[in-house]
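Have a look at the structure below before the remarks.
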Number of protein chains: 2
Amino acid sequence: MATLKEVAKLAGVNISTASRALNDSPSISAATKVRVRQAAEELGYRPNLSARALSGKGTGAIALVVSDIMSPVWNILAGGACDAASAASVPALLYCAETDADYLDRVLPEMISTGAAGAVLGLHLSEEAQRKTEASGLPAVLAECFPLAGLPAVYSSRYDAAREAAAYLQQKGAKTVVLVTVPGFDMAYNKGCADALKDTGARLRVLTGPNTYQAGFALGYSLADELYGPTGIVAVCDGQALGVQHALQNRGVRVPQDCAILSLEDSVLATATYPGLTTMSKPLYRIGAKAAEKLLLKIKGQPVESECLRHTLTVRKSTL
Amino acid sequence: MATLKEVAKLAGVNISTASRALNDSPSISAATKVRVRQAAEELGYRPNLSARALSGKGTGAIALVVSDIMSPVWNILAGGACDAASAASVPALLYCAETDADYLDRVLPEMISTGAAGAVLGLHLSEEAQRKTEASGLPAVLAECFPLAGLPAVYSSRYDAAREAAAYLQQKGAKTVVLVTVPGFDMAYNKGCADALKDTGARLRVLTGPNTYQAGFALGYSLADELYGPTGIVAVCDGQALGVQHALQNRGVRVPQDCAILSLEDSVLATATYPGLTTMSKPLYRIGAKAAEKLLLKIKGQPVESECLRHTLTVRKSTL
DNA sequence: CTGAAAGCGCTTACAG
DNA sequence: CTGAAAGCGCTTACAG
C-alpha cells in the first residue's frame with residue numbers, strides 16, 4: 001500500500017500538506033488539492049486507519065453488538081446498521097453477546113480496546129449494563145432496547161404493537177384474545193393487550209412458553225381443546241405463532257375462520273408459510289440503520305434524542 | 001484507558017519490558033511478568049489495537065464478508081466465523097457485498113485500508129475476484145464458495161448433496177425427480193441429480209425460478225397439473241421448497257405421499273413449517289467457523305488446505 | 001497557504 | 001533478563 005509520504009513526494013509537497021489536502025482542509029489551495037488528489041489516485045493511496053486512529057481521529061469504526069447474529073430477527077437489525085455504516089464508509093465491528101454478563105465482561109472492554117468510536121447496541125440490556133456503558137465513555141445508542149439510563153435509543157413500542165394487535169383481532173370478531181409470550185418477557189405486551197380489550201367484553205388469556213416453533217406447537221395442540229367461540233391469538237414471535245398455527249390446523253381448527261393469528265415480529269418466517277402470517281411488523285432494518293446514523297452524529301458531538309419508530313400492520317392470510 | 005506507559009510505571013519497569021511481559025516474551029523473568037500483569041490488571045489495562053497495528057503486529061482484526069447478512073443462510077455462516085473470531089479474541093469486521101463489482105471496488109480496498117489482517121469470504125466470488133483478492137496480498141479463505149484460483153476454501157459439495165438427495169428420493173420410490181433451482185446457479189446440482197438417476201429408470205426434470213417463496217409457490221402451482229406418478233422434488237433453497245410445497249398442498253397434492261420434497265439448505269424455515277422440511281443440510285455454521293480458524297492460521301504464516309465439509313441428511317416430514 | 005516537528009501507543013531490533 | 005531508541009503512518013498545533 002502506498003503511504004501518505006509517497007503521495008506527498010509524487011505531488012511535490014510536504015506530507016502535512018498532503019494530509020490536509022486529502023482531508024479537504026480549507027487552508028489549502030485548490031491547485032494543491034488537485035495535485036495531491038491526482039497523486040493519491042495514481043498510487044491507489046488508501047489511508048491507514050490505524051495510524052489515523054492513533055493520531056487522534058479514531059478509526060471511526062463502530063461496533064455492532066447483537067445478542068445473536070444467527071437469529072432471523074437480529075440479523076435484520078444488524079443489516080440496517082451495517083448498511084448505514086457502509087454508507088458513511090466507516091468500518092463495522094461485529095460482536096455477539098447473549099447475556100448482560102458477557103456483554104459487560106467481554107464485549108465492552110473489547111470494543112474499547114479495539115478503539116471503536118462508538119457502538120450500536122442491538123440487544124436487551126439491563127439498566128445496570130446501560131449505566132455501565134454510559135460510564136465507560138463509549139458513545140452508544142440502543143437499538144430495539146428500551147432506554148433505562150441516559151443512553152439514547154431507537155426502538156419500537158411493544159405496548160402499542162400489542163394493544164393495536166389485540167384491538168384489531170377484537171374488532172374482527174374475536175371474543176377471546178390469547179397472548180402467547182415468553183416467560184420473563186416485557187410485560188408491556190400483556191398490558192397492551194389488556195388495555196385494548198378493556199370494556200369490550202372480550203377476555204384475555206395469557207400463555208407462555210419458550211420462543212420456538214416446537215414450544216408454540218405444543219401450546220397450540222393443547223389450546224385446540226379449549227377453544228370456544230371466535231378467538232384471536234397475538235404471538236410475540238413468529239416461530240411461536242407458526243407453531244401454534246400449525247398445531248391448530250393439525251387439530252382441525254380453521255385459520256383464520258375459527259381462530260385468527262397475528263405475530264408481533266415479521267421475520268422471513270412470516271412470508272414463507274401458507275397461509276401467510278399477519279404481523280404487526282417491527283421496523284428492524286430501519287431501527288438498525290437509524291441507530292447507526294444517530295451514533296455517527298453522537299460521535300461527532302451532536303446531541304441525539306431517543307426515537308420510537310412505528311410498527312406497521314401487514315395483513316396476510318392468518319387473520320380475516 | 002490506561003496505557004502501557006502507566007502500567008510500566010506502576011510495575012517499576014521500562015515500557016519495553018512491560019510490553020514484552022504482557023506478550024509473554026520468553027526473555028522476561030517470571031517475577032517481572034507477574035508484577036507487570038498485576039499492574040495491568042489493577043489499572044484495567046487494555047492494549048490499544050491501533051497502536052499495536054501500527055507498530056507491526058497488525059490489529060489482528062479479520063474481515064467477514066457475506067453477500068447479505070439479512071439472509072437466513074449467510075447469517076449462520078457469519079455467526080460461525082464471528083464465534084471463531086471471538087474465541088481467538090480477534091475483532092471481526094462485517095462487510096456485505098452483493099456483487100463481484102461491489103466487492104472488488106469497495107469492500108476489498110476498504111478491508112485493506114482498515115488494516116484487516118485477513119478475510120473470510122462468505123459469498124460467491126468469480127474466478128477473477130478470487131484472483132484479484134489473492135493478488136492484493138490480503139490473506140483470505142473462501143467460505144461456501146468453490147475455490148477457482150489459489151485461495152483455500154471451506155465448502156460443502158453441491159454435487160454430492162444433489163446426487164444424494166436425488167438418490168434418496170428415487171430409492172423412496174420417486175419415478176420422476178424434479179430439480180428446482182435458480183437460473184445461473186451452479187450446474188453441479190443438475191449434474192448430481194442426473195448422475196444419481198442414471199440407469200435407474202427414473203427421469204429428471206429441471207425447473208428454474210428466483211430464490212423466493214413466491215417464485216416457488218408459482219412453480220408448484222403449475223407443477224401440480226403435470227404430476228404423474230410418484231414424484232420427488234429437490235429444491236436448492238428452503239424458500240423455494242416451501243413455496244412449492246404449499247402450492248402443491250393447496251392444489252390437493254399430498255406431501256409426502258404423492259410428492260416428496262427435499263431441500264438442499266437447512267435454514268430456520270425448514271423447522272418452522274408443517275410438515276417439517278427434509279433437508280440435506282449444509283454445515284454453514286461449521287463452514288464459517290472453520291474458515292475463520294484457517295484464516296487465523298494462514299495469517300500466522302502456516303499453510304492451509306481447502307476442505308470440503310459433509311452435509312447431513314435431516315429427515316423431517318416432507319419425505320417418506 | 002505551506003512546512004518542520006511533535007506525538008498518538010505500541011513493538012522490536014540493538015545494546016548492555 | 002532489561003533498558004533506551006527508533007519507527008509504524010498519520011494529524012495537528014506552531015511557525016512562517
Side-chain angles (χ1 to χ4, degrees), chain A residues 1-37 39-40 43-61 90-91 109-110 112-117 299-300, chain B residues 1-37 39-40 43-61 90-91 109-110 112-117 299-300:
Chain A
M1 268 335 260
T3 69
L4 228 206
K5 207 165 158 186
E6 307 176 58
V7 173
K9 193 173 165 195
L10 181 60
V13 297
N14 183 280
I15 181 176
S16 43
T17 301
S19 170
R20 284 189 273 250
L22 259 13
N23 288 314
D24 208 20
S25 155
S27 70
I28 294 287
S29 75
T32 307
K33 281 186 187 173
V34 170
R35 210 141 32 88
V36 172
R37 279 176 194 160
L43 296 172
Y45 170 74
R46 290 247 136 201
N48 176 321
L49 295 195
S50 293
R52 175 176 287 175
L54 204 52
S55 59
K57 274 219 162 155
T59 52
V90 308
E110 272 186 17
I112 292 173
S113 170
T114 307
I299 290 171
K300 282 191 191 137
Chain B
M1 270 334 263
T3 69
L4 228 208
K5 208 166 159 184
E6 306 175 59
V7 172
K9 194 172 165 196
L10 181 60
V13 297
N14 183 278
I15 182 178
S16 44
T17 302
S19 170
R20 286 188 272 249
L22 260 14
N23 288 314
D24 208 20
S25 153
S27 70
I28 294 287
S29 76
T32 306
K33 280 185 186 172
V34 170
R35 214 144 26 93
V36 172
R37 277 172 195 163
L43 296 172
Y45 169 74
R46 290 248 139 200
N48 177 320
L49 295 196
S50 294
R52 175 175 288 177
L54 203 52
S55 58
K57 272 219 163 154
T59 53
V90 309
E110 272 185 16
I112 292 172
S113 168
T114 307
I299 291 171
K300 283 192 191 136

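Proteins come first, then strands; the chains are lettered A, B, ... in the order of their sequence lines, and each starts at number 1.
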*Between D/dA13 atom P and A/Asn23 atom CG, what is the distance in whole Å?*
13 Å
*asked:* On the side chain of A/Arg20, is there an atom forming a donor-acceptor pair with the base of C/dG3 - under 3.5 Å, no angle test?
replied: yes
_Set of residues satisfying side-chain contact (heavy atoms from CB on, under 4.5 Å) with respect to A/Ile112, sequence neighbours excluded_ = A/Leu108, A/Ser136, B/Met1
*asked:* Quick one: does any side-chain atom of B/Ser55 pair with a main-chain N or O of B/Ala51 as donor and acceptor, under 3.5 Å?
replied: yes
Could you pull out all donor-acceptor pairs under 3.5 Å where a side-chain atom in residues 28-36 of chain B meets a protein atom, sequence neighbours excluded?
residue	atom	partner	partner atom	Å
B/Ser29	OG	B/Thr32	N	3.2
B/Ser29	OG	B/Thr32	OG1	2.7
B/Lys33	NZ	B/Asp24	OD1	3.0
B/Lys33	NZ	B/Ser25	O	3.1
B/Arg35	NH1	B/Ala11	O	2.8

*Donor-acceptor contact present, side-chain B/Arg46 to main-chain A/Thr114, <3.5 Å*: no
_Closest approach to the side chain of A/Ser55, judged atom by atom: which nucleotide of D/dG3, C/dC8, C/dC10 is it?_
C/dC8
*What is the nucleic acid contact for B/Ser19, judged by heavy atoms within less than 4.0 Å: base, sugar-phosphate only, or nothing?*
base
*asked:* Listing request: all salt bridge (charged side-chain N to carboxylate O under 4.0 Å, His left out) pairs with a residue in residues 10-20 of chain A, at least two apart in sequence or in separate chains.
replied: none
_Distance (rounded to the nearest 0.5 Å) between B/Glu6 CD and B/Ile15 CD1_ = 10.5 Å
*For DNA chain D, determine which residues of residues 11-18 of chain B have any heavy atom closer than 4.0 angstrom to one of its atoms, and list them numerically.*
B/Val13, B/Asn14, B/Ser16, B/Thr17
*Can you tell me how far C1' of D/dT11 sits from CG of A/Asp24, to the nearest Å?*
15 Å
*asked:* How many whole angstroms separate atom CG of B/Leu22 from atom P of C/dT11?
replied: 8 Å
*Could you state the NZ-C1' distance from B/Lys9 to D/dT2, rounded to the nearest angstrom?*
20 Å
*Between D/dT2, C/dC1, C/dC10, which one does the side chain of A/Thr32 approach most closely?*
C/dC1
*asked:* What is the separation between atom CZ on A/Arg46 and atom P on D/dG9, rounded to the nearest whole Å?
replied: 17 Å
_Tell me the interatomic distance from A/Ile28, atom CD1, to D/dT12, atom P, rounded to whole angstroms._
13 Å
*Pick base, sugar-phosphate or nothing for A/Ser27, based on heavy-atom distances below 4.0 Å to the nucleic acid.*
base
_Taking Watson-Crick (N1-N3 plus N6-O4 or O6-N4) and G-U wobble (N1-O2, O6-N3), each under 3.5 Å, can you produce the dot-bracket string of DNA chain C? Use [ ] for crossing pairs and | for inter-strand ones._
|||.||||||||.|||
_Flag side-chain contact, heavy atom, 4.5 Å: B/Asn23 against B/Arg52_ = yes
_Using every non-hydrogen atom in the two residues, find where A/Tyr45 and A/Thr3 come nearest and quote the distance to one decimal._
CE1-C, 3.6 Å
*Rounded to whole angstroms, how far apart are CG on A/Asn48 and P on D/dC10?*
6 Å
*Rounded to whole angstroms, how far apart are CG on B/Leu43 and P on C/dG9?*
14 Å
*Nearest non-hydrogen partners of B/Asn48 and B/Ser50, listed with the distance*: OD1-N, 2.8 Å
